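One structure below.
Computed from a prediction, not measured in an experiment: that's the story for all the values here. By convention here, the first residue in the shown sequence is residue 1.
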Amino acid sequence: MDGVIQASRHAREWIANLESVERERTGIKSLKVGYNKVFGYYIEITHSNTNAAPNDYIRKQTLVNAERYITPEMKEYEGFGAQCGRTHP
C-alpha cells in the first residue's frame, strides 16, 4: 500500500511541475496545463503558438483561441491516478 501512495504522490508532483517544464522545452510562455472532467489533464496553447507545438503533442480539443493537447506521459500518469482513486490533485 505504501508503494501505491508514494507512486500517486509522484504522479501529482509530476503533473504540477509539467507546466514549467513544457514552457521551457517549447519556449511557449503562454502554455498552460489544466484539467477538466471530460478530457482530464491537457496542455493548452494559443493558436498563435500552435506551430511551435512539439511532434509528441497529441491534439485533443480545439477551442476558439487555443488548442488543447496531451502527451503519452500525461495519459500514463492520469491513468495511474485514476487507478488509485484520484483523478486530479
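To the nearest 0.5 Å, atoms NZ (Lys29) and OG1 (Thr46) are separated by 13.0 Å. Rounding to the nearest 0.5 Å places CZ of Arg68 at 12.5 Å from NZ of Lys60.
Applying the salt bridge (charged side-chain N to carboxylate O under 4.0 Å, His left out) test to every pair with at least one member in residues 45-54, sequence neighbours left out, gives no pairs at all.
Cluster partners of Val21: none. The rule joins Ile, Leu, Val, Met, Phe, Trp and Tyr whenever side-chain heavy atoms lie under 4.5 Å apart, and it links nothing here. Members clustered with Ile70: Ile58, by chain and number, using a 4.5 Å side-chain heavy-atom cutoff among hydrophobic residues.
Residue His47 comes nearest to Leu63 through the heavy atom pair NE2-O, 3.0 Å, listed as atom of the first residue, atom of the second, then distance.
Other residues, nucleotides and ligands contribute at most 12 non-hydrogen atoms within 6.0 Å of the CD atom of Glu24.
For the pair Arg59/Tyr69, a side-chain contact is recorded, criterion being any heavy-atom separation below 4.5 Å from C-beta on. In this structure the side chain of Glu73 never reaches within 4.5 angstrom of the side chain of Leu18, judged on heavy atoms. Two residues are said to be in side-chain contact when any heavy atoms from C-beta on lie closer than 4.5 Å; Tyr42 and Glu67 fail this criterion.
Checked against side chain to side chain donor-acceptor pair (under 3.5 Å), Glu19 has the following partners two or more places apart in sequence or in another chain: Arg23. With sequence neighbours excluded, the residues satisfying side chain to side chain donor-acceptor pair (under 3.5 Å) with Asp56 are Arg25. For Thr50, there are no side chain to side chain donor-acceptor pair (under 3.5 Å) partners, not counting sequence neighbours. Evaluation of the side chain to side chain donor-acceptor pair (under 3.5 Å) rule for Tyr57 yields Glu22 as partners, not counting sequence neighbours. Judged as a side chain to side chain contact (heavy atoms under 4.5 Å, CB included), and not counting sequence neighbours, the contacts of Ile28 are Thr26, Ser30, Leu31, Ile45, Asn49, Ala52.
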Gln61/Val38 under side-chain contact (heavy atoms from CB on, under 4.5 Å): CA gap, chis, key distance, verdict: CA-CA 11 Å; Gln61 185 180 21; Val38 175; over 6 Å; no
